[in-house]
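Right, one structure below, let's go through it.
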Amino acid sequence: MLVHPSSIDLSSRTPRYLTGRLAVRRGEIGTRWRRLTAGRQTLPAPAHLRCGDTYAQLAAGIGIGIATAYRYIREAVDLPAALAPTLAEAMRVARTKAFMILDGTLLPIDRIAADTPHYSGKHKRHGMNVQVLTDPFGRLLRTSPALPGSTHDLTAARPHGIVDALTDAGLKRWADKAYQGAGSSIRVPFRGRRLKRWQRRHNSTHAKIRCLGEQAMATLKGWRLLRKLRCSTTRITALVQAILVLHHASA
C-alpha cells in the first residue's frame, strides 16, 4: 500500500487542545498502555474531520489497524463534542450581541431512495438538518442536534427550544423565509412577487444582514467531512458538535 503525508489547514492550537483533553481522559480512566501516545492519537481526528480522510487511509498512514483507528478517532471526537455549548450557554453569549442570525443547513449523507425521512425535497438529496446560530459577525455560536433532512427548518428549530429561547432573550433575530410563522420574535423577509417598494427595500436590507450567517455555513462546510457524510446518522450530531468546539479552540 502506498502512503503519502496529508496536510491539515488548522492552527497548532487545535492539536494542543485535543492532546490535553485526551491526556486528561486517559488519566481519568486509568489507561496504562496504548499503541499511540496522546499526541499521536490526536492527529487522525483532525485529518478525518478537516480533510475527510477515511479510517483506512489514516490507519495505513499511522501504522495501526482500521478498528484501532476507528476507536481512537471516535474517542477524540466524543471528548470535544461533550463540551459543545448548550442552548442556555449560547443564549448568555447572545444577550451581549446586537442581534442573532438563525439558519438551517443540510449535511449530505450517502443514503438510498428508500430512506425517505432523510430526503430533502428542497435540496433534492438525502441529508441531515442542522440549525445554526451565529452572531452579527458571522461567527458560529451553536449547532443543534441533527434531524432527518425531510424536516422543515422551522419544525427543526421548535423542538430544540431555539425559537422560545430566542424570544425569551429579547434580541433581534434574523432568518430566511423558511421561518415564517415563528412569530414576531424572528424577522423574516416578505414573500410574494408583487411586493411594494418599501417591502423590496426591506428584503434587500434583510438579505445583507442574513448573508453574514452564510459565512458561518462556509466555516462549517470548510470541514470537508461534512460535505458528504458516510457514517451512521446517529453519529452526525457528535461530529458537528466536535467540529464546533475544535473550531473555537483554533480561533
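For reference, positions follow the sequence shown, starting with 1.
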Can you name the salt bridge (Lys or Arg N to Asp or Glu O under 4.0 Å) partners of [X], sequence neighbours left out?
X    : result
E214 : R210
R201 : none
R224 : D9

Once side chain to side chain donor-acceptor pair (under 3.5 Å) is applied, what residue pairs with a partner in [range] remain, sequence neighbours excluded?
range            : value
residues 128-156 : N129-Q131, N129-D153, Q131-D153, Q131-Y179, D135-R139
residues 238-251 : none
residues 18-29   : T19-T42, R26-Q41

For A94, side chain to side chain contact (heavy atoms under 4.5 Å, CB included) partners two or more places apart: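 Applying side chain to side chain contact (heavy atoms under 4.5 Å, CB included) to A94 gives M91, M100, L171.
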Side chain to side chain contact (heavy atoms under 4.5 Å, CB included) involving S204 - partner list, sequence neighbours excluded: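 Checked S204 against side chain to side chain contact (heavy atoms under 4.5 Å, CB included); matches are K208.
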Residues which pass side-chain hydrogen bond (donor to acceptor under 3.5 Å, both in side chains) with T54, listed by chain and number, not counting sequence neighbours: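 Partners of T54 by the side-chain hydrogen bond (donor to acceptor under 3.5 Å, both in side chains) criterion, ordered by chain and then number, come out as Q57.
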Please output the side-chain donor-acceptor pairs of residues 229-236 that fall under 3.5 Å, not counting sequence neighbours, one pair per line with the distance.
| from | atom 1 | to | atom 2 | distance (Å) |
| --- | --- | --- | --- | --- |
| R230 | NH1 | K228 | O | 3.4 |
| S232 | OG | T234 | N | 3.3 |
| S232 | OG | T234 | OG1 | 2.8 |
| R235 | NH1 | D78 | OD1 | 3.0 |
| R235 | NH2 | D78 | OD1 | 3.2 |

Pairs flagged by ring pair (Phe, Tyr, Trp, His ring centres under 6.0 Å) wherever residues 57-95 is involved - sequence neighbours left out: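 Found Y55-Y70.
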Selection residues 57-70 - residue pairs positive for salt bridge (Lys or Arg N to Asp or Glu O under 4.0 Å), sequence neighbours left out: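 For residues 57-70: none.
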Nearest atoms (heavy-atom pairs only) where P44 meets L58: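 So the minimum-distance heavy-atom pair works out to O-CD1, 3.5 Å.
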